[in-house]
Amino acid sequence: MKIVARNISKSFDGKVVLKDISLIIEKPGVYALVGPNGSGKTTLMRMLALLEKADSGILKYKVRDSEGYATLNTTPGIRRKMALIHNPAVMFSGSVEYNIAYGLKVRRTAGKIIRKRAQQVLEHLSLSGFEKRQARSLSAGEIQRVALARALVIEPEIIFLDEPTANLDPISAKLIEQTILTLARRGKKVILATHNLWQVERIANWVWFLNDGVISISGTAQDVLHKGDQAFWGKFLGRDNLFAGEIGKMGNRKLFKVGVTEFEVVTGLEGQAMASLNPTEIILSTQKLVSSARNVLEGVVTEAVSEGGLYKVTLDIGLLLDVAITKASWDEMGLQKGSKVYAVFKASSVRVWREE
Ligand code: ADP
């Protein structure tokens with residue numbers, strides 16, 4: 001199925017939320033819709049999924065290549081080819097099995113087929129054995145996975161996911177990302193509203209940047225993230241550990257220097273550059289480790305906040321470095337504000353580029 005949106009606008013109570021949005025969803029793959037809170041991501045997805053009406057503009061759906069474009073009035077089945085999942089998702093009261101079978105029961109699918117399909121999706125999302133559990137008693141990560149299974153069982157062609165991994169444990173987040181990639185490989189279109197640039201980098205093919213109700217940047221994820229204005233992305237979306245510095249040579253090693261801090265990087269560049277480091281690719285250690293990682297930097301914990309099953313620890317290593325570790329690691333190491341600790345990371349974990 002193909003969606004064409006032209007000049008879609010929407011206001012709530014006189015406040016313009018979306019202005020002249022035009023886009024096409026045609027090729028299978030992952031489309032990331034990024035932008036600050038309140039920029040209209042949810043509203044746009046709800047309109048594309050036909051759950052909300054636009055004030056003006058044209059929305060067209062092509063169900064099969066041979067057919068002309070349809071609107072909801074001419075082809076009421078369009079909505080059924082799409083699924084939208086909010087986060088947190090609302091579970092029906094009842095078992096996981098009941099939640100998952102619901103959409104198929106409504107479609108009068110035979111019981112045997114329902115059970116088979118339900119088993120397949122549950123297995124895919126590592127939820128086998130959860131059939132009889134009460135859906136509302138599950139953890140946030142499990143609920144999100146059940147919500148995805150519930151949507152997938154009806155085999156939609158286009159899946160809209162609103163911040164699907166926000167505030168989830170890392171295992172559920174990873175399973176959801178893997179499922180998104182599998183769907184894309186199987187020819188589905190996944191539209192993903194997200195704040196997480198690392199996630200965009202990992203799984204998205206295309207990016208739309210929505211700001212103040214307007215798509216101000218769009219393109220392939222490669223172009224937008226790597227050739228676009230990195231500092232802008234970093235500041236706008238709060239990409240952690242984004243540094244402006246200078247690359248110098250020491251023998252055949254390359255060192256990235258920011259003020260008094262320096263660390264080894266792998267790059268062909270020299271001189272002024274930007275660097276970023278994914279907080280999940282840094283290991284914390286209370287002792288100076290001997291390891292194959294090239295960078296072992298001493299620091300002091302200045303802050304730690306719990307963020308969706310992880311701890312985001314800020315270290316002062318001469319500059320502020322964010323590190324994401326599990327709560328179990330945090331507890332085991334007995335860390336607290338003021339603790340002395342080493343940040344360990346590979347030279348190849350640092351992404352380095354120059355602003356053109
Ligand atoms: P995002 O998903 O990017 O955070 P939303 O689409 O949720 O943005 O919201 C965009 C703006 O529209 C916000 O200012 C929000 O308060 C407003 N909004 C969204 N839905 C409604 C509604 N049903 N009634 C009134 N205002 C709404």
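Keep in mind that the numbers below use all heavy atoms, side chains included, and drop hydrogens, waters and symmetry copies. Nothing here was measured: the structure is a model prediction, and the numbers come from that model. Order of listing sets the numbers, starting from 1, for every ligand and every atom in it.
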Without swapping roles, check the side chain of N7 against the backbone of G57 for a donor-acceptor pair under 3.5 Å.
no
Check ligand 1 for close polar pairs with the protein: N or O on both sides, less than 3.5 Å.
unit_1: ligand 1; atom_1: 2 (O); unit_2: T42; atom_2: N; d: 2.8
unit_1: ligand 1; atom_1: 2 (O); unit_2: T42; atom_2: OG1; d: 2.6
unit_1: ligand 1; atom_1: 3 (O); unit_2: S39; atom_2: N; d: 3.1
unit_1: ligand 1; atom_1: 3 (O); unit_2: S39; atom_2: OG; d: 3.3
unit_1: ligand 1; atom_1: 3 (O); unit_2: G40; atom_2: N; d: 3.0
unit_1: ligand 1; atom_1: 3 (O); unit_2: K41; atom_2: N; d: 2.9
unit_1: ligand 1; atom_1: 3 (O); unit_2: K41; atom_2: NZ; d: 3.0
unit_1: ligand 1; atom_1: 4 (O); unit_2: G38; atom_2: N; d: 2.7
unit_1: ligand 1; atom_1: 6 (O); unit_2: T42; atom_2: N; d: 3.4
unit_1: ligand 1; atom_1: 6 (O); unit_2: T43; atom_2: N; d: 2.9
unit_1: ligand 1; atom_1: 6 (O); unit_2: T43; atom_2: OG1; d: 2.6
unit_1: ligand 1; atom_1: 8 (O); unit_2: G40; atom_2: N; d: 3.1
unit_1: ligand 1; atom_1: 14 (O); unit_2: K15; atom_2: NZ; d: 2.8

Sequence neighbours excluded, every pair satisfying side chain to side chain donor-acceptor pair (under 3.5 Å) that has a member inside residues 84-105:
R46-H86, E97-K132, N99-R150
Determine whether more than 12 heavy atoms belonging to other residues, nucleotides or ligands lie under 6.0 Å from atom CG of L289.
yes
Reference residue S172; test side-chain hydrogen bond (donor to acceptor under 3.5 Å, both in side chains); the match among R145, Q144, E142:
R145
Which side-chain N or O atoms in residues 110-125 pair as donor and acceptor under 3.5 Å with protein atoms at least two apart or in another chain?
unit_1: R117; atom_1: NH1; unit_2: V153; atom_2: O; d: 2.8

What residues, two or more places apart in sequence or in another chain, satisfy salt bridge (Lys or Arg N to Asp or Glu O under 4.0 Å) together with D55?
K10
